[in-house]
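In what follows, a single structure is set out as structure tokens and then discussed.
Keep in mind that this is a model prediction, so the values were computed, not measured. Values below: all heavy atoms of this structure, side chains included; hydrogens, waters and symmetry mates excluded. Order of the sequence lines fixes the chain letters, A, B, ..., with proteins taken first and strands second; residue numbering starts at 1 for each chain.
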Amino acid sequence: DTGVSQNPRHKITKRGQNVTFRCDPISEHNRLYWYRQTLGQGPEFLTYFQNEAQLEKSRLLSDRFSAERPKGSFSTLEIQRTEQGDSAMYLCASSFPGGQYNEQFFGPGTRLTVL
Amino acid sequence: AQSVTQPDIHITVSEGASLELRCNYSYGATPYLFWYVQSPGQGLQLLLKYFSGDTLVQGIKGFEAEFKRSQSSFNLRKPSVHWSDAAEYFCAVLNTGFQKLVFGTGTRLLVSP
């Protein structure tokens, strides 16, 4: 296990379709994060899991977005009824439960293009 | 709320020259600060981090950063830039709940021959 993996790496979809992304964190990490990065911007926090519990959600995460981490391992991020404004890079990160040293390790991201 | 400002959108540096990327943060207590690098189409790689102690921190790839509380700054430096350093650099602060990173808008580094 060499790092955080994300699939697919690229996704092109038509407006109105649903998409789902997967993130596999580093195996011993119990915290998992989703961020969104639009062109020319820094990543913005979307949501965060500790084990299987979703503990925080950004207001950026509209009703069309849902994230799960059913067994506290991998996570999925689903976007329903995609809009062109959802086009972005979706980044996943994980961290070790090491108290204050919350170093987050990022995956390569999934680039979503909504036509 | 925490925030990070990276005032330079683009910086061009000649190969072999020194580099300094600016980062200013807004935070009520002692911040936990990070610098990440992102190559085109890739995720983020951690260069270095500051939590406490020595205000000059060393990172990977020959980078260092200095925490200056009086200036609310955490500037990234490298004494001699290599062409492979061309990338986007993000400064980030960890929020009060220790659960999420707040990023700046990034600085794109171009390296000229």
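B:V111 and B:F63 fall within a single hydrophobic cluster, where Ile, Leu, Val, Met, Phe, Trp and Tyr side chains are chained together by heavy-atom contacts under 4.5 Å. A:Y90 and A:L32 end up in the same hydrophobic cluster when Ile, Leu, Val, Met, Phe, Trp and Tyr side chains are linked at under 4.5 Å. A:L39 and A:M89 are members of different hydrophobic clusters when ILVMFWY side chains are connected at heavy-atom separations under 4.5 Å. In terms of hydrophobic clustering, with Ile, Leu, Val, Met, Phe, Trp and Tyr side chains grouped at heavy-atom distances under 4.5 Å, A:F21 and A:L60 are assigned to a common cluster. No continuous path of hydrophobic side-chain contacts links A:V4 to A:F49 [ILVMFWY only; heavy atoms under 4.5 Å].
Residue B:L44 comes nearest to A:P43 through the heavy atom pair CD1-CG, 3.7 Å, listed as atom of the first residue, atom of the second, then distance.
Note: A:F106 and B:Y36 meet the aromatic proximity criterion, with ring centroids under 6.0 Å apart.
Going from atom CZ of A:F105 over to atom CG of B:L46 covers 7.0 Å, rounded to the nearest 0.5 Å. The line from NZ of B:K100 to OG1 of A:T47 is 10.0 Å long, rounded to the nearest 0.5 Å.
For B:Q6, no part lies under 4.5 angstrom from a heavy atom of chain A. Of the atoms belonging to A:E44, not a single heavy atom falls under 4.5 Å from chain B. In this structure, chain B has heavy atoms under 4.5 Å from both the backbone and the side chain of A:Q41.
Residues A:Q37 and B:F90 form a side-chain contact, since some pair of their non-hydrogen atoms from C-beta on lies under 4.5 Å apart.
Chosen from B:L101, B:V102, B:T105, B:I9, the residue pairing most often with chain A at heavy-atom distances under 4.5 Å is B:L101.
Open room surrounds CZ on A:R15; 12 or fewer heavy atoms of other groups in view lie less than 6.0 Å from it.
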